[in-house]
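Per chain, numbering begins at 1; letters A, B, ... match sequence-line order.
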Number of protein chains: 4
Amino acid sequence: MTHAVRPSLARRLLAEGVGTALLVAIVIGSGIAAQTLSPDDVGLQLLENAIATAFGLTVLILMLGPVSGAHFNPVVSLADWWVGRSRGRGLTLGEVGTYSIAQILGGSLGAVLANVMFAVPTALSTHDRATGAHLVSEVVATAGLITVILSLARTGRGALAAPAVGAYIGAAYWFTSSTSFANPAVTIGRMFSDTFAGIAPGSVAPFIAAQVVGMGVGVALSLALYPDAGDAADEVVVPALDEDDATS
Amino acid sequence: MTHAVRPSLARRLLAEGVGTALLVAIVIGSGIAAQTLSPDDVGLQLLENAIATAFGLTVLILMLGPVSGAHFNPVVSLADWWVGRSRGRGLTLGEVGTYSIAQILGGSLGAVLANVMFAVPTALSTHDRATGAHLVSEVVATAGLITVILSLARTGRGALAAPAVGAYIGAAYWFTSSTSFANPAVTIGRMFSDTFAGIAPGSVAPFIAAQVVGMGVGVALSLALYPDAGDAADEVVVPALDEDDATS
Amino acid sequence: MTHAVRPSLARRLLAEGVGTALLVAIVIGSGIAAQTLSPDDVGLQLLENAIATAFGLTVLILMLGPVSGAHFNPVVSLADWWVGRSRGRGLTLGEVGTYSIAQILGGSLGAVLANVMFAVPTALSTHDRATGAHLVSEVVATAGLITVILSLARTGRGALAAPAVGAYIGAAYWFTSSTSFANPAVTIGRMFSDTFAGIAPGSVAPFIAAQVVGMGVGVALSLALYPDAGDAADEVVVPALDEDDATS
Amino acid sequence: MTHAVRPSLARRLLAEGVGTALLVAIVIGSGIAAQTLSPDDVGLQLLENAIATAFGLTVLILMLGPVSGAHFNPVVSLADWWVGRSRGRGLTLGEVGTYSIAQILGGSLGAVLANVMFAVPTALSTHDRATGAHLVSEVVATAGLITVILSLARTGRGALAAPAVGAYIGAAYWFTSSTSFANPAVTIGRMFSDTFAGIAPGSVAPFIAAQVVGMGVGVALSLALYPDAGDAADEVVVPALDEDDATS
């Protein structure tokens, strides 16, 4: 693990924006297709949505990880800063801010892109989701996501983050009642499509609050399991390229 | 394969408890979601449950393997002691006991967590499962699981245990009539939810007995295939970290 | 990355032809099976079709990549030439032409093979697909495909192209309204079966035009993310064999 | 690739027998479960059957490959002898005979095991399958299987055979009308269960004949693609262990 020179911030923000846009387009687009093509069984719709998301998210992390880390998720960026802050590793707090803006903009544009691909109007979702059970689910889902990512980074297995995060989300669609948003930027993006994967604006703030709590639980759990996890903050989500590649 | 210093017992028990809790939460939670969302086809419910479990179990082993070996299963811990006992490898019998307690406690709490995430009351399952065909199935399922794990450890491919065990359980949900519990801690945990994945208390003891028999069959088969399998007991389920990592 | 001597053009064209034929046979064949066996739910048909395609495409790239690069797709070959042209890497424009002919011939024969395997007459499809939303979808789908391939090549991870491209197409079947053809040779081949996966001749030219646009978008995006992506044109889709193997 | 000392013939035959038994138990067992639990949609049954088989076959190859090569299939063993015979590599013809006997015995016992696990009587299947389209399908399916295996062996990627063969069969269930038996030992075993995956005795000989033809096509194609494929016959299906492991 050499500490490579990172790609420029502009390229990293491009990667975070494009990646989050495509992630939301995958989530919403496959949701629309599922809802349209399997109208009689909501479980089958969710299965189709989950498989498309697991496969697609894995590929996006493979594709963009070497540029920006492929966070696509403000709470992942925040956790990266947090665990690395006292060791001079990971993102700076300023970078967390710019990453988050790119992620949120990207996520919102991704919803519009999905709507266009399916000739569906862009409209605010009317799907209320904020129940107590759903919020507990978001805490659990986000805590698990953070723990998976930090565990792999700490043990030098960042190259496995792509399939692991994809499979994790594919499972979490099912083992939580909220279908595991676990990502503030994706949650905001999913407001902008009144389809299967949408979320009503009134449910967004409680979901994000639960996700932030889940991030805290995940960081605490990760540090209990791997006390030196912060040393690996530079490797979130994927290991950095070696210097020759990264400076290009 | 250097023989690394292991993480402290406390951290290993935390990993076994958390991992088994999340495993049971995945099994039961996805079962509830499947039952609710696909009410008309039990096979589709099992497909959804199996895919979520295969993906989730793979991720849990990736996440926690470097800490504790990611057994999450008393018969795996017991087999690890058994094959390694005469060579000074694997867990001690005392560690098998503490691992098992952590696994059973974790599994039971995981059931409660799933119930909470789906706003379902925690109650004893009324799902009787102990038929002759189911018990034969548990013997076969457990024997296969043990053989997969010991074979990979013996041949230095412990890093493949995560996807291999996930895929094995995903298949075994289907090729056995019992849907392959193959794990006493998970069996006990699944008592505490009267939903799709539950098991009535009266079926638990026969299931566990069959699993212990299956473990014996699996160990015997593993030693017939790989006579020196015991040398690799330290590598169950995943290869140990190198010393620098493991002492942290 | 040594610059290995490539297999002879004849062997490479054989690989491109056979690979594209089998790819189209998989797409059309699994579509016929799905349509026949799951007559009541189009979404379930697409799920069956998508899983078979994702698995099969992954295997074809593993099988044939070391011979020809396993493009199976004229726009992939064209992108390979484009990004590498000023650096003396990748295919020559003449090779792009012969590759494309092999791919188109293979794809058409693959459709016939699928028809024969299912005892269905070979006939032109009557399935009109050229709507605005579908064409936007093809641009997005192809841009993503090209970016995945060039990103992996640039970062020395060409060995991951097989599962990544398989998973990408499996997801793109769902997140686009066109079900993601993203390949002119496959589009032409799919004209020759009036079944689930077919496309009416009148829709072929607009689809191909959209795919070419998508290729341009994908190349531009890849170069923005990885400015030196052209250096890796020799590694599209899979890394070349070392010299000892490749000269055989 | 050192040429390691192989495990004893007895251990290798045990591995081939056990592996083929479990493979047939997976195919038939998951077929019975699918037929019982998803009675209204044959496509859904096949999807469940295919996913269980793909996952299970992958795991069996991982588990037993280092002992015997994990052929589980007389035409794979025969192809291994054929391509290696003039170079002193691969199985001897005598070993092909004993491998085949172990595979056929194992496959038949595996059918009985599946029947017992599901409390279904062991009886000859009444499912006639020998149509022209099905036989063409068996030729194609077997040719593809042989080409995948020989290609990976030749290019030093035998470690990928397990997931590649699993994914290939998972796809081939769908893209052929015969659901891709592609294996004489499994075909014989599947006679002994009058359930979803069974085959009537009268269809067995034509299926096996088609599979042998397919093997010939596959060997020819493999040698056209990789002229020196025979040099790698010792690596079918998985790379040999290094000497220290293999002599144990």
Side-chain angles (χ1 to χ4, degrees), chain A residues 7-8 10-12 14-15 18-19 22-41 44-45 47-49 51-60 62-68 113-120 159 162-163 166 238 241-242 245-248, chain C residues 38 40-48 50-51 54 58 131-141 143-152 154-157 160-161 163-180 218 221-222 224-229 231-232:
Chain A
S8 71
R11 275 174 58 209
R12 287 190 281 146
L14 175 66
V18 167
L22 291 175
L23 173 57
V24 171
I26 290 166
V27 170
I28 293 180
S30 64
I32 297 172
Q35 191 177 29
T36 307
L37 300 177
S38 294
D40 299 327
D41 191 297
L44 183 55
Q45 293 170 20
L47 182 64
E48 295 159 352
N49 191 218
I51 289 178
T53 302
F55 281 16
L57 176 52
T58 295
V59 174
L60 290 177
L62 287 174
M63 183 169 102
L64 297 166
V67 179
S68 67
L113 179 60
N115 294 334
V116 170
M117 284 197 290
F118 284 89
V120 164
V238 294
L241 293 174
D242 63 47
D245 287 346
T247 55
S248 65
Chain C
S38 294
D40 298 328
D41 191 297
V42 178
L44 184 54
Q45 294 170 19
L46 187 64
L47 183 64
E48 295 159 352
I51 290 177
T58 295
T131 68
H134 286 195
L135 297 179
V136 172
S137 290
E138 285 299 304
V139 172
V140 173
L145 176 65
I146 296 294
T147 308
V148 171
I149 291 171
L150 294 180
S151 297
L152 292 175
R154 173 63 187 90
T155 53
R157 294 175 299 158
L160 293 176
V165 169
Y168 176 79
I169 293 294
Y173 266 41
W174 283 100
F175 72 73
T176 65
S177 63
S178 65
T179 68
S180 188
L221 179 58
S222 301
L225 292 165
Y226 297 98
D228 287 340
D231 283 344

Given that the side chain runs from C-beta out, which part of [X] has a heavy atom under 4.5 Å from chain A: side chain, backbone, both or neither?
| X | answer |
| --- | --- |
| L150(C) | neither |
| V140(C) | side chain |
| A54(C) | side chain |

Which atoms of [X] come close to chain C, meaning under 4.5 Å heavy atom to heavy atom: side chain ones, backbone ones, both, or neither?
| X | answer |
| --- | --- |
| A25(A) | backbone |
| I28(A) | neither |
| I26(A) | both |
| V18(A) | side chain |

Query raised in the report: Where do Y226(C) and L64(A) come nearest, in terms of heavy atoms and distance?
Result: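 In this case the closest contact between Y226(C) and L64(A) is OH-CA, 4.2 Å.
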Query raised in the report: How close do L62(A) and L160(C) get, heavy atom to heavy atom, and via which atoms?
Result: CD2-CD1, 3.8 Å
Query raised in the report: Given I51(A) and I51(C), is the side chain to side chain contact (heavy atoms under 4.5 Å, CB included) satisfied, shown in steps?
Result: CA-CA 9 Å; I51(A) 289 178; I51(C) 290 177; 4.3 Å; yes
Can I get a per-line list of side-chain donor-acceptor pairs under 3.5 Å for residues 163-174 of chain C, giving both atom names and the distance, sequence neighbours left out?
residue: Y168(C); atom: OH; partner: A141(C); partner atom: O; Å: 2.6
residue: Y168(C); atom: OH; partner: L145(C); partner atom: N; Å: 3.3
residue: Y173(C); atom: OH; partner: T53(C); partner atom: OG1; Å: 3.1

Requested in this report: Could you have a look at T58(A), V59(A), L113(A) and say which one has the most heavy-atom pairs with chain C under 4.5 angstrom?
Outcome: V59(A)
Query raised in the report: Just by modelled atom types, is the P227(C) backbone N or O under 3.5 Å from a matching donor or acceptor in the R11(A) side chain?
Result: no
Query raised in the report: Taking C-beta and beyond as the side chain, do R157(C) and P66(A) meet within less than 4.5 Å on heavy atoms?
Result: yes
Query raised in the report: With side chains defined as the heavy atoms from C-beta onward, is the minimum distance between L47(C) and L44(A) less than 4.5 Å?
Result: yes
Query raised in the report: For the candidates A224(C), S137(C), S177(C), S222(C), which exhibits the highest count of non-hydrogen atom pairs separated by less than 4.5 Å from chain A?
Result: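 Top count of heavy-atom pairs under 4.5 Å with chain A: S177(C).
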Query raised in the report: Pick from V42(C), D41(C), V136(C): which one has the most heavy-atom pairs with chain A under 4.5 Å?
Result: D41(C)
Report summary line: Separation between CG (L22(A)) and CG (L221(C)), nearest 0.5 Å, reads 8.0 Å
